[in-house]
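For reference, the structure discussed in these notes is given below.
Just so it is clear, the model here is predicted, and its values are computed rather than measured. Note that ligands are numbered from 1 as they come in the structure, with each ligand's atoms numbered from 1 the same way.
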Amino acid sequence: MSTPASGVWFAPGRANLMGEHTDYNEGLVLPFALSQGVTATVTRRDDGLLAMRSKQMPGDEIITVGVDGLRPASVQGWAAYPAGVAWALRAADVPVAGATIEIDSDLPVGAGVSSSAALECAVALGLCEVSGIAMSRRVLAAVARQAENEFVGAPTGIIDQHASLLCQAGHAMLLDCATRDITQVPFCPSAAGVSSLVIDTCVPHSLADGAYARRRAQCEEAARQLEVPFLGQITDPADAGRLEDPKLRRRARHVVSDSARARAIATALAEEDGADVYRDIGDLLTAGHASLRDDFEVSWTQADVTVETAIDAGAYGAKMIGGGFGGSVLALVPTGAIADVRAAVTRTFTERSWTPPAFMEAVPSPAARRIA
Ligand code: GLA
């Protein structure tokens with residue numbers, strides 16, 4: 001296959017059915033790819049420069065850096081993500097060329113739907129292909145995560161990049177973050193008259209601030225006290241109960257119970273179809289939200305109110321998705337109740353003078369790919 005000088009790559013955002021903050025604990029996650037995502041038009045250049053521009057940034061400013069001079073934290077703002085990918089590829093001894101990179105996106109930023117990973121993955125695929133380099137998607141996911149962890153400085157886990165690069169249309173992906181085993185489970189709610197709806201609470205979050213990192217440190221401390229390398233190795237909630245510190249006990253209980261719920265949903269999806277399974281999964285979603293709110297303490301008022309209002313208006317269940325402290329809620333809603341759920345959540349936000357929520361249909365979609 002000849003090396004293209006230029007092309008367009010698309011990488012999707014993700015929603016996560018279950019398993020929040022379990023990825024860096026080497027537990028289970030169950031994401032699916034969205035139809036919305038990031039598009040990167042990548043053109044090879046021979047002068048060793050990366051020239052980056054995003055249609056979402058005011059002024060259409062072009063940010064130019066030399067690939068050779070890239071060091072962690074040497075680029076700030078949105079361009080740190082594409083630059084970080086080039087840096088991480090070079091750090092893995094992959095001789096990526098300079099490139100002009102133009103970004104477009106229909107994913108909201110800071111909404112907990114993985115816009116950063118989508119940006120990284122679209123750029124990673126494009127840079128590799130115009131540089132004539134073939135890499136496995138699993139390795140590319142690790143490279144993109146390294147860019148986010150070490151170049152951008154956000155201590156995230158592996159779910160987002162794996163979801164963007166490895167999910168399949170009409171499926172959710174059960175990923176064991178310890179072994180990296182993947183099981184694709186059929187997930188097609190529309191066939192059962194159910195919609196999965198992402199409700200953006202329009203409270204932006206950031207993973208590079210301290211709260212996410214503090215949760216991670218607490219989990220590491222809990223694992224240390226329980227004498228396991230990662231909390232994901234604990235499957236009996238009674239083990240989490242052995243922790244003396246009540247906060248660490250709650251953190252560990254969340255990780256153990258969310259992994260168990262991820263497995264339960266995957267099993268239910270694999271074994272049954274029809275609307276009834278979505279009622280049961282809805283209950284698990286709501287239980288997952290309660291655990292994130294009470295045990296892991298990463299929810300926020302608008303998310304709690306959205307979950308409650310959506311269920312009162314007919315949703316089978318709902319939970320916050322992503323790192324928390326802002327972002328979106330995922331609800332499973334019988335299609336006939338969609339209008340009621342949207343109206344009820346919008347009304348509740350208006351009554352409280354909050355920024356109006358935004359709604360996105362979350363259709364389980366294919367992974368990242370070249371589109372032109
Ligand atoms: C963010 C991170 C992920 C994961 C989730 C919480 O999306 O990027 O690695 O930890 O939060 O499940």
Can a side-chain donor-acceptor contact be found between His289 and Asp304 if the only test is distance below 3.5 angstrom? yes
Just jot down the ligand 1 atoms closer than 4.0 angstrom to any heavy atom of Thr156, in number order. 2 (C), 8 (O), 9 (O)
With heavy atoms of His21 as the reference, note each atom of ligand 1 found under 4.0 Å away. 6 (C), 12 (O)
Which of the numbered atoms in ligand 1 are below 4.0 angstrom from a heavy atom of Glu20? 6 (C), 12 (O)
Exercise: identify the closest heavy-atom pair between Gly288 and Arg261: CA-NE, 3.4 Å
Close N or O approach (Tyr212, ligand 1; < 3.5 Å): yes
For Asp23, counting its heavy atoms only, list the atoms of ligand 1 lying under 4.0 Å from any of them. 3 (C), 4 (C), 9 (O), 10 (O)
Give the atoms of ligand 1, by number and element, whose distance to some non-hydrogen atom of Ile159 is under 4.0 Å. 3 (C), 4 (C), 9 (O)
Proximity of Arg14 to ligand 1 by residue part, where a heavy atom lies under 4.0 Å: side chain
Gly157 heavy atoms, cut-off 4.0 Å: which ligand 1 atoms fall inside? 9 (O)
So which heavy atom on Ser116 is nearest to which on Tyr81, and how close? CB-CE2, 3.5 Å
Using the six-membered ring wherever Trp is involved, compare the ring planes of Tyr212 and Tyr24 and label them parallel, tilted or perpendicular (cut-offs 30° and 60°). perpendicular
Numbering the atoms of ligand 1 from 1, which are under 4.0 Å from a heavy atom of Gly322? 5 (C), 6 (C), 11 (O)
From Arg342 atom CZ to Ser195 atom OG, the distance as rounded to the nearest 0.5 Å: 10.0 Å
For Cys219 and Val255, work out which heavy atoms get closest and say how close. SG-CG2, 4.2 Å
Any donor-acceptor N/O pair, Asp104 side chain to Lys55 backbone, under 3.5 Å: no
